[in-house]
Amino acid sequence: MDTWYWALEYVRVFFAYVMILFVWPSVVFRDYLRGRSRTVRFAFCVTVPVVLLNTVVLSLGVFHILYGWLIAVLFYGTLLLGLLRWHPVRREQIKKISRLFLGTYGIRLLLLRLRNRVKDGIGHVHAQFRQSIRGRRCVYLMLGVVVCFGMVYFSYGAFHDYSYGFGDMYRHHSWIYGLLNGTPFYEGIYPEAMHCFIYAMRVLFGVKIYSSQLFLAGIHVAVFLVSAYLLLKELFAWDGTAVLALALFLTVDLLCIDEIFSMSRLQWTLPQEFGLYTQFLCALFLLRCLKTDFSDRSGSRRDASVPEGGTKVPAASCPHPVRGRGTHAGPGSERPKAPGASSS
């Protein structure tokens with residue numbers, strides 16, 4: 001019976017996590033994210049909501065107006081506006097609803113048409129998903145298996161011992177509880193990232209603080225692993241190499257089995273170092289910036305970043321075009337010629 005209760009709590013934490021970190025920004029910032037690559041959309045979704053939550057929660061706390069209902073109004077209000085902008089309510093739909101209340105429009109017909117619209121929407125999303133993974137299904141399948149294994153690995157202990165097991169977690173619990181009472185700087189501490197995120201999960205979806213801290217590490221590791229995959233994918237020619245590197249990281253420990261090494265240390269820091277994955281994303285976009293040829297108006301990548309062997313290497317270690325010197329002269333690197341000089 002206890003296992004089913006904690007499994008339900010895990011599902012609630014997972015649902016709130018996905019809604020805040022992925023669904024909300026995908027709806028509210030849909031126009032901005034349209035046409036962006038999957039990497040940019042992922043990086044946007046895992047960083048912008050956290051920053052916005054920190055800003056809103058701490059700003060309201062400074063002015064002593066940090067109330068749960070106000071956070072809910074801001075969150076669900078912007079989500080509703082995003083949905084209405086995405087699918088505006090037409091006059092025909094308003095007439096159908098009014099006819100429904102007047103009794104001249106059957107509820108069965110309304111539900112049937114609603115079901116057909118939902119079915120068509122799901123089919124459209126499924127077709128777009130299949131189109132996006134065409135030619136890379138094997139790699140995405142491998143990545144999904146690795147990410148699921150990591151989530152199960154980190155969540156396994158929480159289902160066998162329903163306690164924090166580490167002293168700092170009780171202190172973090174008290175700081176989040178201070179946010180619930182409208183005190184953002186409880187005991188003089190500046191709470192951010194994980195604290196504001198769990199606070200939002202509590203006031204928006206009713207998830208218990210204890211359950212959030214117990215299971216959040218096992219869920220949040222998925223973002224950590226995907227971010228590491230994106231960085232490794234930028235370094236290797238074959239995307240499968242990045243997946244294999246993550247698999248080795250999760251399964252092989254060449255140091256020792258002591259608890260201060262490898263996975264147990266990461267398991268301790270994940271709930272507290274909520275933004276640990278951003279290090280991979282920063283390195284990823286730094287490499288992309290170094291590989292971008294800004295002299296080209298189209299912003300294309302430099303060909304020098306991919307040698308003849310076909311393996312990508314960091315652009316910092318590649319010979320870049322240097323204006324006016326060296327043998328690797330790029331476009332526009334020729335020195336101006338003297339008047340009357342002839343070229344051979």
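Since this is a predicted model, take the numbers as computed values, not measurements.
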*Asks:* If you round to the nearest 0.5 Å, how far is CG of Asn54 from SG of Cys196?
*Replies:* 4.5 Å

*Asks:* Are the side chains of Leu235 and Leu287 in contact, using a 4.5 Å heavy-atom criterion?
*Replies:* yes

*Asks:* Taking the side chain as every heavy atom from C-beta outward, state whether Val46 and Tyr277 have any pair of such atoms under 4.5 Å apart.
*Replies:* yes

*Asks:* Would you say that Leu180 contacts Val203 through its side chain, given a criterion of any heavy-atom pair below 4.5 Å between the two side chains?
*Replies:* yes

*Asks:* Please enumerate all residues that pass side chain to side chain contact (heavy atoms under 4.5 Å, CB included) together with Ala222, with sequence neighbours excluded.
*Replies:* Val147, Met151

*Asks:* Partners of Asp31 by side chain to side chain contact (heavy atoms under 4.5 Å, CB included), sequence neighbours excluded?
*Replies:* Arg34, Arg85

*Asks:* Hey, any chance Val73 and Ile71 share a hydrophobic cluster, counting ILVMFWY side chains that come within less than 4.5 Å of each other, even indirectly?
*Replies:* yes

*Asks:* Looking at OH of Tyr229 and OG1 of Thr39, how far apart are the two atoms once the value is rounded to the nearest 0.5 Å?
*Replies:* 8.0 Å

*Asks:* Ignoring hydrogens, what is the shortest heavy-atom contact between Gly240 and Val139? Give both atom names and the distance.
*Replies:* N-CG2, 4.3 Å

*Asks:* Closest heavy-atom contact between Ser212 and Ile198?
*Replies:* CB-CG2, 3.6 Å

*Asks:* Find out if a path of hydrophobic residues (ILVMFWY) with successive side-chain heavy-atom gaps under 4.5 Å connects Leu281 to Val51.
*Replies:* no

*Asks:* Just wondering, are more than 12 heavy atoms of other shown residues or ligands nearer than 6.0 Å to OH in Tyr210?
*Replies:* yes

*Asks:* Verify the cluster assignment for Leu74 and Leu52: are they in a single hydrophobic cluster under the rule of side-chain heavy atoms below 4.5 Å apart?
*Replies:* yes

*Asks:* Starting at CG of Asn181, measure out to OG of Ser174 and round the result to the nearest 0.5 Å.
*Replies:* 11.0 Å

*Asks:* Using the test side chain to side chain contact (heavy atoms under 4.5 Å, CB included), find all partners of Val28 that sit at least two apart in sequence or belong to another chain.
*Replies:* Trp24, Thr78

*Asks:* Partners of Tyr177 by ring-ring contact (aromatic ring centres under 6.0 Å, His included), sequence neighbours excluded?
*Replies:* none

*Asks:* To the closest 0.5 Å, what do you measure between CZ (Phe154) and CG (Leu216)?
*Replies:* 12.5 Å

*Asks:* Consider only side-chain heavy atoms of I, L, V, M, F, W and Y, link residues closer than 4.5 Å, and tell whether Tyr32 and Val50 are in one cluster.
*Replies:* yes

*Asks:* Output every pair passing salt bridge (Lys or Arg N to Asp or Glu O under 4.0 Å) with a member in residues 71-82, not counting sequence neighbours, ordered by first then second residue.
*Replies:* none

*Asks:* With the side chain counted from C-beta on, respond yes when Leu66 and Tyr199 share a heavy-atom pair under 4.5 Å apart, and no when they do not.
*Replies:* yes

*Asks:* What are the two closest heavy atoms between Leu244 and Met142, and how far apart are they?
*Replies:* CD2-CE, 4.1 Å

*Asks:* Would you call the rings of Tyr76 and Phe205 parallel, tilted or perpendicular, taking 30° and 60° as the class edges?
*Replies:* perpendicular

*Asks:* Let me confirm one number: the OH-OG distance from Tyr5 to Ser211, rounded to the nearest 0.5 Å.
*Replies:* 5.0 Å

*Asks:* Where do Leu225 and Val146 come nearest, in terms of heavy atoms and distance?
*Replies:* CD1-O, 4.2 Å

*Asks:* With a 4.5 Å heavy-atom cut-off, do Ile122 and Lys119 have their side chains touching?
*Replies:* no

*Asks:* Could I get the full list of side chain to side chain contact (heavy atoms under 4.5 Å, CB included) partners for Ala228, not counting sequence neighbours?
*Replies:* Leu246, Phe280

*Asks:* Between Gln213 and His172, what is the shortest heavy-atom contact and its length?
*Replies:* OE1-CB, 3.3 Å

*Asks:* List the residues meeting ring-ring contact (aromatic ring centres under 6.0 Å, His included) with Tyr156, not counting sequence neighbours, and say none if there are none.
*Replies:* His160

*Asks:* Rounded to the nearest 0.5 Å, how far apart are OG1 of Thr55 and CG of Leu60?
*Replies:* 10.5 Å

*Asks:* Start with the C-alpha gap between Thr251 and Tyr153, add the side-chain angles, then the distance that decides, and say whether side chain to side chain contact (heavy atoms under 4.5 Å, CB included) holds.
*Replies:* CA-CA 10 Å; Thr251 56; Tyr153 178 89; over 6 Å; no

*Asks:* Applying salt bridge (Lys or Arg N to Asp or Glu O under 4.0 Å) as the test, list every pair that has at least one member in residues 203-218; sequence neighbours left out.
*Replies:* none

*Asks:* Please tabulate, for side-chain N and O atoms in residues 10-22, each donor-acceptor pair with protein atoms closer than 3.5 Å (sequence neighbours left out).
*Replies:*
from: Arg12; atom 1: NH1; to: Glu9; atom 2: OE2; distance (Å): 3.3
from: Arg12; atom 1: NH2; to: Gly206; atom 2: O; distance (Å): 2.8
from: Tyr17; atom 1: OH; to: His220; atom 2: ND1; distance (Å): 2.7

*Asks:* How close do His195 and Leu179 get, heavy atom to heavy atom, and via which atoms?
*Replies:* O-CD1, 3.7 Å

*Asks:* Keeping to residues at least two apart or across chains, list the side-chain hydrogen bond (donor to acceptor under 3.5 Å, both in side chains) pairs with something in residues 58-73.
*Replies:* none

*Asks:* Filter on salt bridge (Lys or Arg N to Asp or Glu O under 4.0 Å), then keep only pairs touching residues 193-206, sequence neighbours left out; what's left?
*Replies:* none

*Asks:* Is the shortest heavy-atom distance from the side chain of Ser227 to the side chain of Phe42 under 4.5 Å?
*Replies:* yes

*Asks:* Would a hydrophobic clustering, with Ile, Leu, Val, Met, Phe, Trp and Tyr connected at side-chain separations under 4.5 Å, put Leu70 with Leu79?
*Replies:* yes

